[in-house]
S.K.: 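Have a look at this one before I ask anything.
Throughout, protein chains are lettered first and strands after them, A, B, ... in sequence-line order, and every chain is numbered starting at 1.
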Number of protein chains: 2
Amino acid sequence: MKEFIRVMKAMSDPNRVRIVKLLQLKELCVCELQELLGLAQSTVSKHLKVLDEAGLLSNSRDGAWVIYAVTKSEDSAHINVLLQELRGWVDDDPVYVAMKRRLPFVDRVRISASCG
Amino acid sequence: MKEFIRVMKAMSDPNRVRIVKLLQLKELCVCELQELLGLAQSTVSKHLKVLDEAGLLSNSRDGAWVIYAVTKSEDSAHINVLLQELRGWVDDDPVYVAMKRRLPFVDRVRISASCG
DNA sequence: TTCACATATCGCCATATGCCGATATGATAA
DNA sequence: TTATCATATCGGCATATGGCGATATGTGAA
C-alpha cells in the first residue's frame, strides 16, 4: 500500500507529471527541466526527489550534471503500466505542449565534451 | 491534465484506495463502508465525494441508502486500466485484508426488503 | 587551492488535506 | 406530521504539500 500511495502522490502534481512526460521524450538534467518548467531550482530538485523515491525515475551523473530518466527497470510492472497509460492520457495539456515545443532548443553544454 | 490530477489525488489516500478495492468486490452503502473503515461517517462521505468527482465511482439510491459502486462506464478507458491495475497492486495491505475478511459479515438491513 | 557551475538540502510561508463533531438534508416508519 | 435512520455538508484543527530564497554539497576549470 505504501508504495502505491507514494506513486499516486508523486503523480498528483501537474509539474511532476510534466517532468515525467518530458523525460519520456528525452532524458534531461535538472537545469534543463528548470528552464522548461520555469520553476526555482530548489523546487525542481524537490519534485525530482519525490518522483525518484516513488521509483519512477533513475538518475546518473555526467560531470557536474545529474541526468534524470524515466525508470526502465522491469521490477515494477505496475509502474510501467501506469507510465505507459500516462503517454496517451495527458498529451493535450497546453503547458506540456508548449514545453514539448521548446524541448529541442533547450540543451546543456556538456563541460566534459566542450574542452576541444 | 486536470482530470488526471483529480484521479491521482483521489487515489493518494490509503482509506480511499481501500474503499475502491472493497467496492471492486461488492457494491456497498456508506454505513457499511463506515463500519469497515472505522472512520467517522462524515469522513467516509467526504472520501466518497472525492472518488466520485474523479469519475471512479457511481452511486444509486435504495431507499434511505446510497449504494456506491466502481464506475463501469467505458467512456474513460484510462480509468479502467488504472482500476484493473489496482486489483493486483495493493492486495497485500493488512488493513485491506482484514476488511475483506469482515466484508461478508457486514450488511445493511434493507428497509424496502424487510417489510414482510 | 580557489572559483564557478550544477545540484541538493534547509527554513519559511501560504494553501491543501484528512480527520472529527455538529448540523442540515433526504427518505422511510409510526 | 413527527420521529428516526442514512447521508451530506459545515467549521475547526493538525499535518502535509508546493512554492521560494538562502545555503550546503559535489564537480570540473583555472
Side-chain angles (χ1 to χ4, degrees), chain A residues 1-2 5-19 27-54 57-69 95 106-116, chain B residues 1-2 5-19 27-54 57-69 95 106-116:
Chain A
M1 172 65 83
K2 254 194 198 171
I5 296 297
R6 249 199 304 269
V7 174
M8 292 296 113
K9 276 186 190 288
M11 300 296 279
S12 289
D13 178 83
N15 284 323
R16 281 200 293 268
V17 172
R18 287 170 194 136
I19 288 175
E27 53 179 38
L28 296 163
C29 72
V30 182
C31 58
E32 289 172 303
L33 286 167
Q34 181 186 350
E35 189 181 332
L36 286 166
L37 292 162
L39 294 173
Q41 183 267 321
S42 60
T43 304
V44 177
S45 195
K46 195 189 280 188
H47 279 322
L48 288 168
K49 188 179 183 182
V50 172
L51 290 166
D52 191 52
E53 287 178 346
L57 304 185
S58 62
N59 64 77
S60 60
R61 271 206 171 272
D62 175 12
W65 289 279
V66 177
I67 315 297
Y68 281 87
V95 182
V106 176
D107 206 11
R108 62 188 177 277
V109 181
R110 291 179 186 262
I111 295 175
S112 53
S114 67
C115 304
Chain B
M1 173 65 84
K2 254 194 199 172
I5 296 297
R6 248 199 304 269
V7 173
M8 291 297 112
K9 276 185 189 288
M11 300 296 279
S12 289
D13 177 81
N15 284 323
R16 282 201 291 269
V17 172
R18 286 169 195 136
I19 288 175
E27 52 180 36
L28 296 163
C29 70
V30 181
C31 59
E32 289 173 305
L33 286 167
Q34 180 186 349
E35 189 182 331
L36 286 165
L37 293 162
L39 295 172
Q41 183 266 321
S42 60
T43 304
V44 176
S45 194
K46 196 187 278 186
H47 279 322
L48 289 167
K49 188 179 182 181
V50 172
L51 290 166
D52 192 51
E53 288 178 347
L57 304 185
S58 62
N59 65 76
S60 58
R61 272 205 171 270
D62 175 12
W65 288 281
V66 175
I67 315 299
Y68 281 87
V95 183
V106 176
D107 207 9
R108 62 187 178 277
V109 181
R110 291 182 185 260
I111 294 175
S112 53
S114 68
C115 303

S.K.: Regarding A:K46, tell me which of base, sugar-phosphate or nothing describes its non-hydrogen contacts under 4.0 Å with the strands shown.
M.R.: base

S.K.: Between the base of C:dG21 and the side chain of B:S42, is there any donor-acceptor pair under 3.5 Å?
M.R.: yes

S.K.: CG of A:L39 versus P of D:dC20: gap in Å, rounded?
M.R.: 5 Å

S.K.: Mind calculating the distance between CG (A:L33) and P (D:dG19) to the nearest angstrom?
M.R.: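 So the two atoms are 14 Å apart, to the nearest Å.
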
S.K.: Quick one: which of D:dC20, C:dC19, C:dT7 gets closest to the side chain of B:N15?
M.R.: C:dC19

S.K.: Hey, does the side chain of B:R16 come within less than 4.0 Å of C:dT17's phosphate (OP1/OP2), counting only N and O?
M.R.: no

S.K.: Can you see which heavy atom on B:A54 is nearest to which on B:R6, and at what distance?
M.R.: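 In this case the closest contact between B:A54 and B:R6 is CB-O, 3.8 Å.
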
S.K.: Just how far, in rounded Å, is C1' of D:dT25 from CD of A:Q41?
M.R.: 12 Å

S.K.: Does A:V106 form a side-chain contact (heavy atoms from CB on, under 4.5 Å) with A:L28? I'd like the steps, not just the answer.
M.R.: CA-CA 10 Å; A:V106 176; A:L28 296 163; over 6 Å; no

S.K.: Measure from NZ on A:K49 to C1' on C:dC10 and round the result to the nearest Å.
M.R.: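 Between C1' of C:dC10 and NZ of A:K49: 11 Å.
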
S.K.: Using whole Å, what does the distance between atom P of nucleotide C:dA8 and atom CD of A:E53 come to?
M.R.: 12 Å

S.K.: Does A:Y68 have a side-chain nitrogen or oxygen under 4.0 Å from the phosphate oxygens OP1 or OP2 of C:dA8?
M.R.: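 A:Y68 to C:dA8 OP1/OP2: side-chain N or O found under 4.0 Å.
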
S.K.: Any sub-3.5 Å donor-acceptor pair from A:E35's side-chain atoms to A:E32's backbone N or O?
M.R.: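 Looks like no, no N/O pair under 3.5 Å.
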
S.K.: Determine: side-chain N/O of A:R61 to OP1/OP2 of D:dG26, distance under 4.0 Å, yes or no.
M.R.: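 So the side chain of A:R61 is outside the cut-off, no N or O lying under 4.0 Å from OP1 or OP2 of D:dG26.
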
S.K.: A:V66 side chain: which of C:dT7, C:dT17, C:dG11 is closest?
M.R.: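 So the nucleotide nearest the side chain must be C:dT7.
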
S.K.: State whether B:T43 places a side-chain N or O below 4.0 Å from either non-bridging phosphate oxygen (OP1 or OP2) of C:dC20.
M.R.: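 For B:T43, the contact criterion (side-chain N or O under 4.0 Å from OP1 or OP2 of C:dC20) is met.
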
S.K.: Whole angstrom is fine here: how far is it from CG in B:N59 over to C1' in D:dT7?
M.R.: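 In whole Å, D:dT7 C1' lies 11 Å from B:N59 CG.
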
S.K.: Flag the pair B:H47 / B:L37 as yes when at least one side-chain heavy-atom distance between them is below 4.5 Å, and no otherwise.
M.R.: no

S.K.: Contact class for A:K9 vs. all strands (heavy atom < 4.0 Å): base, sugar-phosphate, or nothing?
M.R.: sugar-phosphate

S.K.: Whole angstrom is fine here: how far is it from CD in B:E35 over to P in D:dA6?
M.R.: 11 Å

S.K.: Quick one: A:R6 CZ to D:dA16 P, roughly how many Å, whole number?
M.R.: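 So the CZ-P distance, A:R6 to D:dA16, works out to 15 Å.
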
S.K.: Evaluate B:M11 against A:M11 for side-chain contact (heavy atoms from CB on, under 4.5 Å), listing each step before the verdict.
M.R.: CA-CA 10 Å; B:M11 300 296 279; A:M11 300 296 279; over 6 Å; no

